[in-house]
Undergrad: 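One structure, as structure tokens, below. Some questions next.
Whatever order the structure lists them in is the order used to number ligands and atoms, beginning at 1. Please read these numbers as outputs of a predicted model, since none were measured by experiment.
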Amino acid sequence: MHDTISILLINPWIADFAAYNLWAEPLGLFYIASALKAAGGSLFYIDCLESGDKTPCALKPNGCSKYKRRIVDPPVPLQGIRRSFAIYGMEDEEFDRRLSGVPRPDIVLVTSHMTYWYPGVFRTIEMIRARFGPDLPVLLGGIYATLCTRHARKKSGATRVYRGTGTKDLLPMIEDMTGKRFTARRFTTYHTLDDFSSSAWPLHELGPKRRFFAVLTSRGCPFSCTYCASFLLNGEFSARAPGSVVSEIDTYAGLLKTRNVAFYDDALLVNADDHILPILRSLEGWGGGLRFHLPNGIHARFITGEIASAFKRSGVETIRVGLETSDPALQKQTGSKTTNEEYLRAVALFRNVGYERNAVGTYVIAGIPGQTAGQVARSIEFVHKAGAACYLSCFSPIPETPAWRKAVICSRFPVEEEPLYQNNSLYLLGLSEYTQKTVRELQSMAADFRKER
Ligand code: SF4
């Protein structure tokens, strides 16, 4: 005899100096929810970032929006930084009200994102404990839990910490923590993120009504840039069947009544002829037109005239072309994902099919170990001259990546012991090369260029 396991899934608060909702959906949690549902779990969901008390502030037609926020005292290591520190999402009272509105679950699953957002995760767990008592099993997973497992085990207050992204070990762990068995044993052959190529769809409908949804057509990346955690989090590259992607988009665009779709892929253009091109072709003209957004950089090397035209025809609106730095030596040193020639050609192809500068964006990273502020300034100028819009992105060291050790040594902050110093707003200030003034100047340089047509 099996009991239904009731599971409360929570997307926690963000705690940071700044946060903006750029098509953010807790997709990993929704994939896990899909497996839990298939196994017979009874699910409840609270997203701390989405307040139901007021309509989201400044919601843009492309689906992006600000988060509601409240200024709080910064954690001790950040005191002395002259910037407002905030919790993003609903008020404590609303969260407690939402918690009290669900029947006491058998277990709570809390996800996590950026390593340095952990104060928001800890606060979430503290309030779950305050509402349901210390005996309720709380399982913490997600990116912070995977990359900073020891820190999370020691300090988060969770009963257990789950490392990794698959569901193979997760479901037995839930049974072990609750002392109950899932009613449907389908999960033995129904692993979502463990076999991504044939995975079930994520449960987008769990989330509150929003103006977009996110889709992963593939997982992982065949490149291995020294500063990137794609391999650590996703393993080997694997792609879904185009037909499954098309059906997911078709179904959820209708169900959620939205036209905005954000692709979360790290490597959207791999094998484009048999993957993204047939996907876009099938969705061309869908219900008067979908609007696609690519917040992650696409590989300049793989862009062809055919891809640029297909993007334009099918409604790809927001494009980010990967470059990071225009310094050839640094490009080689960090993984050779592109060359300047490939990048220039890619931007020209998009501009030739009619994309304006502001639709074709590129992130330039500042603070890669060994990089000078002068190299960053030259990269910003290079992107502008290529015809793209440049966005400055401050380097955030990620534990266990090849660039990590050097990044730790370069900083005057204890980056390894304290994940708060991995914050991209802060890490740079621990390097001798940068002051707040240097960072501001680089940001203004990029912003001024963006204003030009
Ligand atoms: S190409 Fe992009 S996703 Fe792939 S490893 Fe490099 S930074 Fe990561």
Side-chain angles (χ1 to χ4, degrees), residues 22-24 27-28 113-115 143 146-147 165 193 196-197 214-240 262-272 275-276 293-304 307 316 318-347 350 360-371 375-376 379 382-383 386 388 390-407 422 424 427:
L22 275 174
W23 303 287
L27 207 53
H113 306 281
M114 299 297 192
T115 57
I143 295 175
T146 299
L147 297 176
T165 50
L193 292 172
F196 190 67
S197 57
V215 171
L216 262 179
T217 80
S218 64
R219 202 158 172 252
C221 176
F223 291 84
S224 41
C225 301
T226 55
Y227 44 77
C228 177
S230 183
F231 184 75
L232 293 171
L233 297 170
N234 303 310
E236 298 289 340
F237 176 80
S238 65
R240 291 169 59 192
F263 286 122
Y264 273 14
D265 295 53
D266 284 337
L268 187 71
L269 303 186
V270 168
N271 195 17
H275 189 69
I276 193 62
H293 309 281
L294 318 180
N296 294 339
I298 48 173
H299 291 101
R301 184 168 301 172
F302 298 142
I303 295 161
T304 60
I307 291 175
V316 176
T318 315
I319 298 167
R320 297 286 176 262
V321 183
L323 178 72
E324 272 52 77
T325 173
S326 66
D327 185 85
L330 205 53
Q331 285 169 350
K332 269 201 190 134
Q333 215 179 297
T334 53
S336 300
K337 75 171 169 188
T338 194
T339 62
N340 289 343
E341 293 68 33
E342 287 166 339
Y343 175 78
L344 289 169
R345 191 187 52 86
V347 174
F350 284 125
V360 187
T362 288
Y363 291 108
V364 162
I365 303 189
I368 300 171
Q371 181 192 36
Q375 285 172 324
V376 179
S379 299
F382 176 81
V383 168
C390 181
Y391 296 89
L392 189 73
S393 158
C394 298
F395 180 76
S396 166
I398 305 177
E400 299 184 33
T401 54
W404 168 250
R405 190 51 49 202
K406 201 166 171 195
Q422 294 160 24
N424 60 348
Y427 174 75

Undergrad: In the protein, which heavy atom is nearest to atom 2 (Fe) of ligand 1, and how far is it?
TA: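 The closest heavy atom on the protein side is K337 NZ, 4.0 Å.
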Undergrad: Please report which non-hydrogen protein atom sits nearest to atom 6 (Fe) of ligand 1, along with the residue it belongs to and the distance in Å to one decimal place.
TA: C225 SG, 2.3 Å
Undergrad: Does ligand 1 have an atom that lies less than 4.0 angstrom from a heavy atom of E324?
TA: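 No; E324 lies far enough from ligand 1 that no heavy-atom distance drops under 4.0 Å.
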Undergrad: Could you give the distance from CZ (R240) to NE2 (H275), rounded to the nearest 0.5 Å?
TA: 8.5 Å
Undergrad: Between E324 and K337, is there a side-chain N and carboxylate O pair less than 4.0 Å apart?
TA: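 Looking at E324 and K337, the cut-off is met.
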Undergrad: Counting heavy atoms only, name the option from D266, T338, D265 that's nearest to atom 3 (S) of ligand 1.
TA: D266
Undergrad: What protein heavy atom is closest to atom 8 (Fe) of ligand 1, reported as residue, atom name and distance in Å?
TA: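 For atom 8 (Fe) of ligand 1, the nearest protein heavy atom is C228 SG, 2.3 Å.
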Undergrad: Among protein heavy atoms, which sits nearest to atom 1 (S) of ligand 1, and what does the distance come to when rounded to 0.1 Å?
TA: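 Sorting protein heavy atoms by distance from atom 1 (S) of ligand 1 puts H299 NE2, 3.1 Å first.
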Undergrad: Roughly how far, to the nearest 0.5 Å, is the CD1 atom of I303 from the OH atom of Y343?
TA: 9.5 Å
Undergrad: Within this structure, what is the CG-CZ distance for the pair D265 and F237, rounded to the nearest 0.5 Å?
TA: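 Answer rounded to 0.5 Å: 7.5 Å.
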Undergrad: Could you give the distance from NZ (K406) to OG1 (T401), rounded to the nearest 0.5 Å?
TA: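 These two atoms lie 12.5 Å from each other.
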Undergrad: Has C221 got an N/O/S atom less than 2.8 Å from atom 8 (Fe) of ligand 1?
TA: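 Looking at C221, which is the residue asked about, there is no N, O or S atom under 2.8 Å from atom 8 (Fe) of ligand 1.
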Undergrad: Roughly how far apart are N271 CG and F302 CZ, rounded to 0.5 Å?
TA: 9.5 Å
